[in-house]
Trainee: 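Have a look at this one.
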Amino acid sequence: QVQLVESGGGLVQAGGSLRLSCAASGRALDNIAMAWFRQAPGKEREFVAAINWRDNYADSVKGRFSISRDNAKNTVYLQMNSLKPEDTAVYYCAARNRYQISSSLDRYDYWGQGTQVTVSS
């Protein structure tokens with residue numbers, strides 16, 4: 001079992017930055033794929049970024065967001081720059097029991113409780 005706890009969300013103005021953290025317990029992260037998803041009100045949960053030995057991003061965040069991991073701290077981060085109002089959502093950390101990354105939410109086995117990110121215009 002893997003427990004995931006997100007933090008770092010909040011209210012920021014358009015053009016600003018936030019860094020989300022996802023602290024994991026129950027299993028080392030260095031041999032599993034990790035990802036961030038987000039869900040805006042009234043919309044389906046969507047892929048944002050994923051990482052194993054490489055990273056992958058949704059087109060909507062490429063060049064603005066960066067995913068990274070610190071295996072010593074068992075933590076994954078999402079650095080979000082140049083934020084836009086359309087980035088407003090609850091952001092979820094996810095982990096899967098395999099090393100291959102995926103942009104499909106049904107491939108992930110564990111989820112955090114989510115952290116709210118609100119970008120004002």
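The figures that follow rest on heavy atoms only: side chains count, while hydrogens, waters and symmetry mates do not. Predicted model only: the values in this text are computed from it and were never measured.
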Trainee: Once you round to the nearest 0.5 Å, how far does CD of Gln113 lie from CG of Leu4?
Mentor: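 Here the interatomic distance stands at 9.0 Å.
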
Trainee: Within the side chain of Asn74, is there an N or O that forms a donor-acceptor pair under 3.5 Å with the backbone of Ala24?
Mentor: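 Checked: pair present.
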
Trainee: For the residue pair Ser102 / Gln100, report whether a side-chain donor-acceptor contact shorter than 3.5 Å exists.
Mentor: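 No, Ser102 and Gln100 have no side-chain donor paired with an acceptor closer than 3.5 Å.
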
Trainee: Is there side-chain contact between Gln116 and Thr88, with heavy atoms separated by less than 4.5 Å?
Mentor: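 They are in side-chain contact.
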
Trainee: CD/Glu86 to OG/Ser121 distance, rounded to the nearest 0.5 angstrom?
Mentor: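 It is 10.0 Å, given to the nearest 0.5 Å.
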
Trainee: Quick one: closest heavy-atom pair of Tyr57 and Ala49, and the distance?
Mentor: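 What the structure gives for the nearest pair is CD2-CB, 3.6 Å.
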
Trainee: Say whether, by atom type as modelled, one donor and one acceptor occur between the side chain of Arg96 and the main chain of Ala33 under 3.5 angstrom.
Mentor: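 Side chain of Arg96 to backbone of Ala33: no pair is present.
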
Trainee: Residues two or more places apart in sequence or in another chain: which of them pass ring pair (Phe, Tyr, Trp, His ring centres under 6.0 Å) with Phe47?
Mentor: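 Result, ring pair (Phe, Tyr, Trp, His ring centres under 6.0 Å) vs Phe47: Phe37.
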
Trainee: According to disulfide bond (SG atoms under 2.5 Å apart), does anything in residues 35-121 pair up with another residue at least two apart or in another chain? List the pairs.
Mentor: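 For residues 35-121, and leaving out neighbouring residues, the disulfide bond (SG atoms under 2.5 Å apart) pairs sorted by first residue read Cys22-Cys93.
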
Trainee: CE/Met34 to CG/Leu78 distance, rounded to the nearest 0.5 angstrom?
Mentor: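 These two atoms lie 11.5 Å from each other.
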
Trainee: Who else is in the cluster with Tyr99 when I, L, V, M, F, W and Y are joined by side-chain contacts under 4.5 Å?
Mentor: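 Members besides Tyr99, by chain and number: Trp53.
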
Trainee: Rounded to the nearest 0.5 Å, what's the gap from CD1 on Ile101 to CG on Asn52? Could you check?
Mentor: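 One gets 5.0 Å once the value is rounded to the nearest 0.5 Å.
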
Trainee: Just checking, is any N or O donor in the side chain of Arg38 or Tyr91 under 3.5 Å from an acceptor N or O on the other one?
Mentor: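 Indeed, the side chains of Arg38 and Tyr91 share at least one donor-acceptor pair under 3.5 Å.
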
Trainee: With sequence neighbours left out, write down each residue that passes ring pair (Phe, Tyr, Trp, His ring centres under 6.0 Å) with Tyr92, or none if nothing qualifies.
Mentor: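 Here no residue qualifies.
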
Trainee: State, with a plain yes or no, whether a side-chain heavy atom of Val61 is found less than 4.5 Å away from one of Met80.
Mentor: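 With C-beta onward as the side chain, the pair stays apart.
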
Trainee: Are the side chains of Arg45 and Trp111 in touch, meaning some heavy atoms are under 4.5 Å apart?
Mentor: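 With C-beta onward as the side chain, the pair touches.
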
Trainee: So which heavy atom on Thr115 is nearest to which on Gly9, and how close?
Mentor: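 So the minimum-distance heavy-atom pair works out to OG1-N, 3.2 Å.
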
Trainee: Kindly compute the distance separating CG (Asn97) from CG (Asp109), expressed to the nearest 0.5 Å.
Mentor: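 Going from the CG atom of Asn97 to the CG atom of Asp109 covers 4.0 Å.
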
Trainee: So, using side-chain hydrogen bond (donor to acceptor under 3.5 Å, both in side chains) as the criterion, who are the partners of Arg19 when residues are at least two apart?
Mentor: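 If we apply the side-chain hydrogen bond (donor to acceptor under 3.5 Å, both in side chains) test to Arg19, skipping adjacent residues, there are no hits.
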
Trainee: Which pairs count as salt bridge (Lys or Arg N to Asp or Glu O under 4.0 Å) when at least one residue sits in residues 54-66, sequence neighbours excluded?
Mentor: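 Qualifying pairs, neighbours excluded: Asp59-Lys62, Arg64-Asp87.
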
Trainee: Asp70 and Tyr77: which non-hydrogen atoms are nearest, and at how many Å?
Mentor: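 Answer, listing the atom of Asp70 first, then Tyr77: CB-CE1, 3.9 Å.
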
Trainee: For Lys43 versus Gln39, what's the shortest heavy-atom pair and its separation?
Mentor: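 Scanning both residues completely, I find the closest heavy atoms to be O-NE2, 3.1 Å.
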
Trainee: How far does OH of Tyr108 sit from CD1 of Ile32, to the nearest 0.5 angstrom?
Mentor: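 Answer rounded to 0.5 Å: 10.0 Å.
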
Trainee: Tell me the closest heavy-atom pair linking Ile51 and Ser68, and the distance in Å.
Mentor: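 Here Ile51 and Ser68 meet closest at CD1-CA, 3.8 Å.
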
Trainee: Please report the closest heavy-atom contact between Asn81 and Ser17, naming both atoms and the distance.
Mentor: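 For Asn81 versus Ser17, the nearest heavy atoms are OD1-OG, 2.9 Å.
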
Trainee: Is Val12 reachable from Trp36 through a run of hydrophobic residues whose side-chain heavy atoms are each under 4.5 Å from the next?
Mentor: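 Yes; Val12 is reachable from Trp36 via cluster members.
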
Trainee: Would you indicate whether the side-chain heavy atoms of Glu6 and Leu20 approach each other to under 4.5 Å?
Mentor: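 They are not in contact (no side-chain heavy atoms under 4.5 Å apart), so the answer is no.
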
